[in-house]
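Read through the structure below, which is laid out as structure tokens, and then see the notes.
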Amino acid sequence: MKMIVAVVRDEFAVNLTEKLNRKGYSATKLASTGGFLKAGNTTFLIGVPGTQLDEVLGIVKETCHGSKAIAGGLSATEGSLKRAAAQAGQPVSSAVQVGGATVFVLDVEKMVKV
Ligand code: 2BA
């Protein structure tokens, strides 16, 4: 058995939940926060037999597609440096590209429901 841990951009979370439910997959959703941007995202825990791993990864891929530029993520020091660069007429960018989902696949030794 495998455990898929998928950190998903919030805008894809509802669609992903619906698609997984429709296909009969169980999932647990956790409200999470990205460590860099400190913005909300949704972490899915999806336990599946190894034989269904590829199908579920396919669903995640087709649902959470494309990256998006999001402004922010600067500490106070970084912000000051960027402002100084801007004043000196140097090009600055504070946007980062956020992907649709970051996925980890873990081996599960045992699953028990009591
Ligand atoms: P955040 O940590 O808020 O990161 C948002 C985006 O900021 C990342 O997009 C990446 O493009 C950029 N970024 C992150 N850390 C950075 C750094 N130290 N320097 C420069 N840019 C940085 P994604 O890579 O698509 O990640 C989206 C979200 O997925 C992350 O939100 C985090 O919640 C999760 N994630 C990504 N990689 C992870 C990892 N190795 N372990 C755990 N969670 C991860």
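It should be emphasised that the depicted structure is a prediction, and the values quoted were computed from it without experimental measurement. When a ligand or atom number is given, it counts from 1 through the structure's own listing order.
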inquiry  = Assess the residue pair Ile59 and Tyr25 against the criterion (side chain to side chain contact (heavy atoms under 4.5 Å, CB included)); give the C-alpha distance rounded to whole Å, side-chain angles, the decisive distance to 0.1 Å, and a yes or no.
reply    = CA-CA 11 Å; Ile59 294 170; Tyr25 291 110; 4.1 Å; yes
ask   = Counting only heavy atoms, which portion of Gln97 has something under 4.0 Å from ligand 1: side chain, backbone, both, or neither?
value = backbone
task = Please confirm whether Asn41 comes within less than 3.5 Å of ligand 1 when only nitrogen or oxygen atoms on both sides are compared.
result = yes
request  = Walk me through it: do Lys2 and Asp107 pass the test side chain to side chain contact (heavy atoms under 4.5 Å, CB included)?
outcome  = CA-CA 5 Å; Lys2 303 285 182 183; Asp107 286 323; 2.4 Å; yes
request  = Can you figure out which of Ser32, Ala69, Gly34 has its heavy atom closest to atom 31 (O) of ligand 1?
outcome  = Gly34
note = Looking only at heavy atoms, the pair that brings Phe44 and Leu20 closest together is CD2-CD1, 4.1 Å
key: Counterpart residues, side-chain hydrogen bond (donor to acceptor under 3.5 Å, both in side chains), relative to Glu109 (two or more places apart)   = none
query = Would you say Phe36 and ligand 1 have an N/O pair spaced under 3.5 Å apart?
reply = yes
Within-shell test, Ala39 vs ligand 1, heavy atom, strictly < 4.0 Å = no
note = The atoms of ligand 1 lying under 4.0 Å from a heavy atom of Leu37, numbered in the order shown, are 1 (P), 3 (O), 5 (C)
inquiry  = Please list the nearest protein heavy atom to atom 34 (C) of ligand 1 with its residue and the distance rounded to 0.1 Å.
reply    = Val7 CG1, 3.7 Å
ask   = Can you tell me the protein heavy atom closest to atom 24 (O) of ligand 1 and the distance?
value = Thr102 OG1, 4.4 Å
request  = Looking only at distances, please establish whether an N/O atom of ligand 1 is found under 3.5 Å from an N/O atom of Gly35.
outcome  = yes
inquiry  = Donor-acceptor pair, distance only, cut-off 3.5 Å: does the side chain of Ser32 make one with the backbone of Asn41?
reply    = yes
message = Give me the residue, atom name and distance of the protein heavy atom closest to atom 42 (C) of ligand 1.
response = Phe104 CZ, 3.7 Å
inquiry  = I want to check something: taking the side chain as every heavy atom from C-beta on, are Met3 and Met1 in contact at a cut-off of under 4.5 Å?
reply    = no
request  = If you have a sec, work out which protein heavy atom is nearest atom 6 (C) of ligand 1 and how many Å separate them, to one decimal?
outcome  = Val98 CG2, 3.8 Å
key: Gap separating the CD atom of Glu55 from the NZ atom of Lys23, nearest 0.5 angstrom   = 5.0 Å
remark   = Scanning both residues in full, the closest heavy-atom pair of Lys29 with Ala13 reads NZ-O, 4.4 Å
request  = Would you check the N or O atoms of Gly99, main chain and side chain alike, for any that come under 3.5 Å of an N or O of ligand 1?
outcome  = yes
